[in-house]
**Student:** 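Supplied in structure tokens, the structure appears directly below.
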Number of protein chains: 2
Amino acid sequence: MSHPTAPLDARHLRPAGRATRAAIEEAGRRLFGSHTYEEVSVRAIAAEAGVDPAMVIRHFGSKEALYLRSIDTSLGVGAVIDGPVETLGRRIIAYFLDQRDSPIGKRHAGLVQASYRQQVRAELNRHTRVRFVDAIAPRLAADDAELRVALMVAQLGGFLTMLFVQQDPLITDADPDQVIVLYGDSLQRLITG
Amino acid sequence: MSHPTAPLDARHLRPAGRATRAAIEEAGRRLFGSHTYEEVSVRAIAAEAGVDPAMVIRHFGSKEALYLRSIDTSLGVGAVIDGPVETLGRRIIAYFLDQRDSPIGKRHAGLVQASYRQQVRAELNRHTRVRFVDAIAPRLAADDAELRVALMVAQLGGFLTMLFVQQDPLITDADPDQVIVLYGDSLQRLITG
DNA sequence: GTCTATAACCAGATAGAC
DNA sequence: GTCTATCTGGTTATAGAC
């Protein structure tokens with residue numbers, strides 16, 4: 001009989017592990033990319049990847065951990081930030097108003113929904129610091145530049161939540177150009193006096 | 001023996017129904033008042049009220065419906081809004097910075113967390129209109145007053161989320177007076193040019 | 001017929017045995 | 001690496017008491 005301890009030949013540990021892990025990560029990226037945190041179940045990810053639900057946990061520890069790996073917290077805003085700071089306000093609002101039918105809205109909604117989780121919060125704070133504060137504050141003259149940028153992120157977040165989550169018709173149905181001017185300039189004044 | 005059909009005296013239908021219903025609502029108000037939507041379970045509400053979990057659903061239809069009844073969406077901001085519009089920006093920020101150790105933060109966090117639910121969103125939008133737009137816009141000169149107030153609500157919401165949910169140290173550890181001036185004036189400029 | 005309560009159902013997340 | 005069991009949570013079916 002095959003003794004359990006020592007099969008010398010069964011040394012093909014295989015790409016087995018790697019393949020399923022990759023499949024799970026890929027499935028997570030697809031689902032979390034276009035659906036909200038709560039909308040995506042571990043079972044759904046497993047089904048999409050063609051593996052058992054337990055594998056998801058086994059490989060990533062938790063649904064939250066996989067979520068953190070899968071999501072792009074930047075929402076694609078990098079290029080906008082790299083542009084001139086003097087016009088950042090209007091450009092960033094215009095950018096997001098342009099994403100209304102893209103999956104970015106869903107992604108933001110997912111982040112908001114998941115933000116009560118400690119690790120997600122930590123990642124968002126890290127993101128604020130790296131992508132916004134460190135990228136923008138050095139380009140500003142004010143000595144309270146870091147606080148100004150952090151407050152700008154707060155203000156921007158409020159807009160995104162209103163646009164993508166709360167979807168108040170007062171704003172979603174408003175003239176985009178008017179919103180760009182009003183809110184964009186408000187953002188702008190916060191960072192550049 | 002006591003026949004089941006006809007006790008003429010047993011006409012004390014009593015506060016029976018009313019009493020449990022009230023107890024459940026009271027328990028919901030207590031728990032939702034200081035905890036997040038997801039943190040509060042139907043079972044916990046039932047235990048607090050001393051009734052069976054099924055009663056919660058039977059009387060209110062769903063956890064979400066009870067939540068909507070229990071929560072005070074105004075976050076106590078009414079008095080601040082009723083003050084002079086010319087200084088609303090700084091006053092409203094000062095008010096919320098002052099609530100850091102009150103349950104209001106938890107309440108806001110709960111609202112954010114629950115805002116992916118359609119009915120909660122609808123209630124929040126209604127609240128925006130009634131408590132903010134209808135209360136403030138008529139006192140402004142601008143012809144785009146309604147949009148300005150709606151955008152101000154978005155901006156305020158971003159601040160509250162940063163303060164109470166995300167709790168970014170860049171903002172929670174900042175000098176409150178500085179925040180009041182920077183963000184308060186930013187809010188102010190949005191509504192009064 | 002209305003109020004209550006027990007139990008059960010279903011989905012979700014995760015731990016543990018094989 | 002796979003499946004089963006467990007735990008929690010929202011909700012429903014259902015049967016009994018008034």
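So that the names make sense, note that chain A is the first sequence line, chain B the second, and so on, each numbered from 1.
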**Student:** Report the end-to-end axis angle of the helix from C/dG1-D/dC18 to C/dC18-D/dG1; each axis comes from five terminal pairs, and the value is rounded to 10°.
**Tutor:**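 One end axis against the other gives 30°.
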**Student:** Please say whether the positively charged group of B/Arg69, taken as NZ for Lys or CZ for Arg, lies over the ring of B/Phe32, i.e. under 6.0 angstrom from the six-membered ring centre and within 45 degrees of the axis.
**Tutor:**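 Here B/Arg69 fails the 6.0 Å and 45° test against B/Phe32.
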**Student:** Identify the pairs formed between an N or O of the protein and an N or O of nucleotides 13-16 of chain D at a distance under 3.5 Å, and give each distance.
**Tutor:**
none

**Student:** Starting at atom NE2 of A/His59, determine the distance to atom P of C/dA13, rounded to an integer number of angstrom.
**Tutor:**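 Whole-Å distance recorded here is 17 Å.
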**Student:** Whole-Å distance between C/dA11 C1' and A/Glu38 CD?
**Tutor:**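 About 13 Å, once rounded to whole Å.
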**Student:** A/Arg43 has an atom CZ; how far is it from atom P of D/dC3, in whole Å?
**Tutor:**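 Value for this atom pair: 13 Å.
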**Student:** With sequence neighbours left out, which residue pairs that include part of residues 104-125 of chain A fulfil the salt bridge (charged side-chain N to carboxylate O under 4.0 Å, His left out) condition?
**Tutor:**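 Output for this query lists A/Glu39-A/Lys106, A/Glu64-A/Arg117, A/Glu123-A/Arg126.
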**Student:** Mind calculating the distance between NZ (A/Lys63) and P (C/dG12) to the nearest angstrom?
**Tutor:** 8 Å
**Student:** Atom CD of A/Glu39 and atom P of C/dA13: how far apart are they, to the nearest Å?
**Tutor:** 13 Å
**Student:** Could you state the atom-to-atom distance from CD1 of B/Ile57 to C1' of C/dA8 in whole Å?
**Tutor:**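 About 15 Å, once rounded to whole Å.
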**Student:** If I take atom CE in residue B/Met55 and atom P in nucleotide C/dT6, what distance separates them, rounded to the nearest angstrom?
**Tutor:**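 Taking CE of B/Met55 and P of C/dT6, I get 10 Å after rounding.
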**Student:** Whole-Å distance between D/dG10 P and B/Tyr67 OH?
**Tutor:** 14 Å
**Student:** Would you list the pairs meeting ring pair (Phe, Tyr, Trp, His ring centres under 6.0 Å) in which at least one residue belongs to residues 159-193 of chain B, sequence neighbours left out?
**Tutor:** B/Phe159-B/Tyr183
**Student:** Would you tell me if any nitrogen or oxygen in the side chain of B/Thr20 comes within less than 4.0 Å of OP1 or OP2 on C/dC3?
**Tutor:** no
**Student:** Is it true that A/Val153 and A/Val80 fall in one hydrophobic cluster, defined by side-chain heavy atoms closer than 4.5 Å?
**Tutor:**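 Hydrophobic grouping puts A/Val153 with A/Val80.
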**Student:** Distance from B/Met55 atom CE to B/Ile45 atom CD1, nearest 0.5 Å?
**Tutor:**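 Result: 14.0 Å between the selected atoms.
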**Student:** Output the rest of the hydrophobic cluster of A/Val112: all Ile, Leu, Val, Met, Phe, Trp and Tyr residues reachable through side-chain heavy-atom contacts under 4.5 Å, sorted by chain and number.
**Tutor:** A/Val165, B/Val112, B/Val165
**Student:** Give, for atom CG of A/Leu182 and atom CD of B/Gln155, the distance between the pair rounded to the nearest 0.5 Å.
**Tutor:**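 One finds 11.5 Å between CG of A/Leu182 and CD of B/Gln155.
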**Student:** Using the test side-chain hydrogen bond (donor to acceptor under 3.5 Å, both in side chains), find all partners of B/Arg148 that sit at least two apart in sequence or belong to another chain.
**Tutor:** B/Asp144
**Student:** For B/Asp52 and A/Val42, find the nucleotide of DNA chain C closest to each by heavy atoms; which residue's nucleotide sits nearer the 5' end?
**Tutor:**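 In this pair, the answer is B/Asp52.
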**Student:** Counting N and O atoms only, with roles assigned by atom type, does the side chain of A/Gln166 sit under 3.5 Å from a partner on the main chain of B/Ser115, one being a donor and the other an acceptor?
**Tutor:**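 A pair under 3.5 Å: no.
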